[in-house]
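These notes are about the structure you will find just below.
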Protein chains: 2
Amino acid sequence: MSKRIETLIAQADKNCTARGTRLTAKRKQVLAGLLNCKRALSAYELVDYCEQEFGETFSAMSVYRILEFLEQEQLAHRLNLANKYVACSHICEHHSHDAPQFLICQSCHKVSEIIIPPNTVSALKQTVADAGFELKSPQIEMNCICNDCKTKALGRDHRNKQHSVAHSQSTTAMTTQAGT
Amino acid sequence: MSKRIETLIAQADKNCTARGTRLTAKRKQVLAGLLNCKRALSAYELVDYCEQEFGETFSAMSVYRILEFLEQEQLAHRLNLANKYVACSHICEHHSHDAPQFLICQSCHKVSEIIIPPNTVSALKQTVADAGFELKSPQIEMNCICNDCKTKALGRDHRNKQHSVAHSQSTTAMTTQAGT
DNA sequence: TGAATTACGTTATGTTATAACATTGCACAA
DNA sequence: TTGTGCAATGTTATAACATAACGTAATTCA
Ligand SMILES: [Zn+2]
Ligand SMILES: [Zn+2]
Ligand SMILES: [Zn+2]
Ligand SMILES: [Zn+2]
């Protein structure tokens, strides 16, 4: 495991201790799996991935429980659009971000955790409020095509009109926290 | 079935004919089921619902295929956040909307198909482009709490602090079409 | 130490979605 | 009219994602 990931795990461990929770060995391994793998993984993919990488065996059930824990601790996020999970890319930062925002490449599953300008977010909230709904701390997820894949797709298009990315239909998702 | 729904089905039928596709009896029934039921339904819920309402039996498989057809025809939409389906609320309007936008109540599954101001959408697109992704014709889905449910939840909160909506974690989803 | 709590293991089951292949019904040409 | 093709639907199986229920082990703390 890379030095960088070890540092992140150590930081995550500190965060948990500070919050009175425990980042156990299993939980560290799952988090390491997520950090190690660049793209988003489903719970079942994570089972396989951890088995390969660490020779550890996890039941899918355990992975789900651990992912739930990591989410609570803001160490990982569930991508509702993809039914997959990613490590938080802000483990070392202090602020507890309450509105993580993700771009998910539909082609290669690369995920980018971004910051949407607050005024865009508040414009969205206002529109939603006008419609009689409440949208708070939105976790926004957007199905996209990353530039890499777009370039590849363009190459293909030249050879083979009509196909490739042109057919893909994707979705942007915003998870919001209501209440409190 | 209500007069209003019959009118919508007739309009949908016309649209299909104009496009050279066929809104068969089965397809009409599934669409009627979606129109009849106010909230979003999963494919399996739709199987049950149609059975109850129309005494027709559908295999889940057929329903999935029919939903796929209705989506192509823009007569229904798949809500990627909820893994559920709704009838399009613009069947009678002429413009083929390429950016449907939905608010989904996490509590009662009520769905509202709204219009987000174009400048908000383009601000989002710009942010996404800056991050090296492409977001086109976004179908935005937002998990929300509707005002009705919020009111109810507040009532509960008074009696029972901490619980209810406060725990729900939801997501906004944006489906986008890339290419072309 | 012993009770309470937390984490983890295990098995079963529920839910959503697709694959693969068979059958039906209709349009149209021979 | 019969055959052929094609779209729609039926049927069965299975993949993929997720949770329920219950038991055991480890940890915490009085
Ligand atoms: Zn994060
Ligand atoms: Zn990509
Ligand atoms: Zn619509
Ligand atoms: Zn509601």
Side-chain angles (χ1 to χ4, degrees), chain A residues 13 16-17 19-31 33-34 39-51 54 56-73 75-86 104 106 109 141 167 169 171 173 175, chain B residues 13 16-17 19-31 33 40-51 54 56-73 75-86 104 109 141 167-169 171 173 175:
Chain A
D13 202 358
C16 287
T17 305
R19 287 165 48 90
T21 59
R22 281 178 292 157
L23 193 64
T24 64
K26 290 279 188 191
R27 287 168 176 174
K28 277 180 188 165
Q29 285 175 322
V30 169
L31 179 55
L34 283 177
R39 56 189 205 80
L41 292 175
S42 77
Y44 285 82
E45 285 170 338
L46 203 44
V47 167
D48 296 344
Y49 190 86
C50 284
E51 187 139 359
F54 310 122
E56 273 283 337
T57 148
F58 292 85
S59 72
M61 193 64 247
S62 292
V63 168
Y64 274 109
R65 279 190 290 228
I66 289 170
L67 286 169
E68 191 183 16
F69 171 86
L70 294 176
E71 259 202 287
Q72 276 168 22
E73 301 300 316
L75 298 172
H77 300 289
R78 173 182 158 78
L79 301 178
N80 296 276
L81 275 187
N83 296 334
K84 292 187 191 302
Y85 304 82
V86 286
I104 310 166
Q106 287 299 277
H109 298 119
E141 301 172 27
H167 285 167
Q169 170 99 17
T171 296
T175 296
Chain B
D13 201 359
C16 287
T17 305
R19 285 166 49 89
T21 59
R22 278 180 292 158
L23 192 64
T24 64
K26 292 279 187 190
R27 286 169 177 173
K28 277 180 189 166
Q29 286 175 322
V30 169
L31 179 55
L41 292 174
S42 77
Y44 287 82
E45 287 169 337
L46 202 44
V47 168
D48 296 343
Y49 190 86
C50 285
E51 188 139 356
F54 311 121
E56 273 284 337
T57 147
F58 293 85
S59 71
M61 193 62 248
S62 291
V63 168
Y64 273 109
R65 279 188 290 226
I66 289 171
L67 287 169
E68 190 183 16
F69 171 86
L70 294 176
E71 260 203 285
Q72 277 168 23
E73 302 300 316
L75 298 172
H77 300 290
R78 174 185 156 78
L79 301 178
N80 296 277
L81 276 187
N83 295 333
K84 292 187 192 305
Y85 303 82
V86 287
I104 309 166
H109 298 117
E141 301 172 26
H167 284 165
S168 80
Q169 171 99 18
T171 296
T175 296

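Note that the structure is a prediction, hence the values are computed from the model and not measured. Lettering follows sequence order; numbering is per chain, from 1.
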Which residues pass the salt bridge (Lys or Arg N to Asp or Glu O under 4.0 Å) test with A/Arg39, sequence neighbours left out? A/Glu45
Protein-nucleotide distance (A/Leu46, atom CG; D/dA16, atom C1'), rounded to Å: 15 Å
Calculate the interatomic distance between A/Glu71 atom CD and D/dA18 atom C1'; express it in whole Å. 13 Å
Applying side-chain hydrogen bond (donor to acceptor under 3.5 Å, both in side chains), can you list everything that pairs with B/Gln72, at least two apart in sequence or on another chain? none
Using atom names, set out every protein N or O paired with an N or O of nucleotides 10-16 of chain C below 3.5 Å, distance rounded to 0.1 Å.
residue: C/dT16; atom: OP2; partner: B/Ser42; partner atom: OG; Å: 3.4

Could you tell me how far apart A/Glu68 (CD) and D/dT19 (P) are, to the nearest whole angstrom? 8 Å
Whole angstroms only, please: what is the CG-P distance between A/Leu79 and D/dC17? 13 Å
Can you tell whether the side chains of A/Lys26 and A/Glu56 come within less than 4.0 Å, N to carboxylate O? yes
B/Glu68 meets the side-chain hydrogen bond (donor to acceptor under 3.5 Å, both in side chains) criterion, sequence neighbours left out, with none
Could you grab the distance from atom OH of A/Tyr85 to atom CG of A/Asn80, nearest 0.5 Å is fine? 8.5 Å
Under the criterion side-chain contact (heavy atoms from CB on, under 4.5 Å), which of B/Leu75, B/Val47, B/Leu70 is the partner of B/Val30? B/Leu70
Could you check whether any side-chain N or O of A/Arg78 sits under 3.5 Å from a backbone N or O of A/Lys84, counting only pairs where one atom can act as donor and the other as acceptor? no
Members of residues 20-29 of chain B that approach DNA chain D, where some heavy atom sits under 4.0 Å away: B/Arg22, B/Thr24, B/Lys26, B/Arg27
Over how many whole Å does the gap from A/Gln72 atom CD to C/dA7 atom P extend? 9 Å
Grab the CG-P distance between A/Leu41 and D/dA16 for me, whole Å please. 15 Å
Could you list the residues that satisfy side-chain hydrogen bond (donor to acceptor under 3.5 Å, both in side chains) with B/Ser62, not counting sequence neighbours? B/Ser59
Tell me the interatomic distance from A/Ile66, atom CD1, to D/dA18, atom C1', rounded to whole angstroms. 16 Å
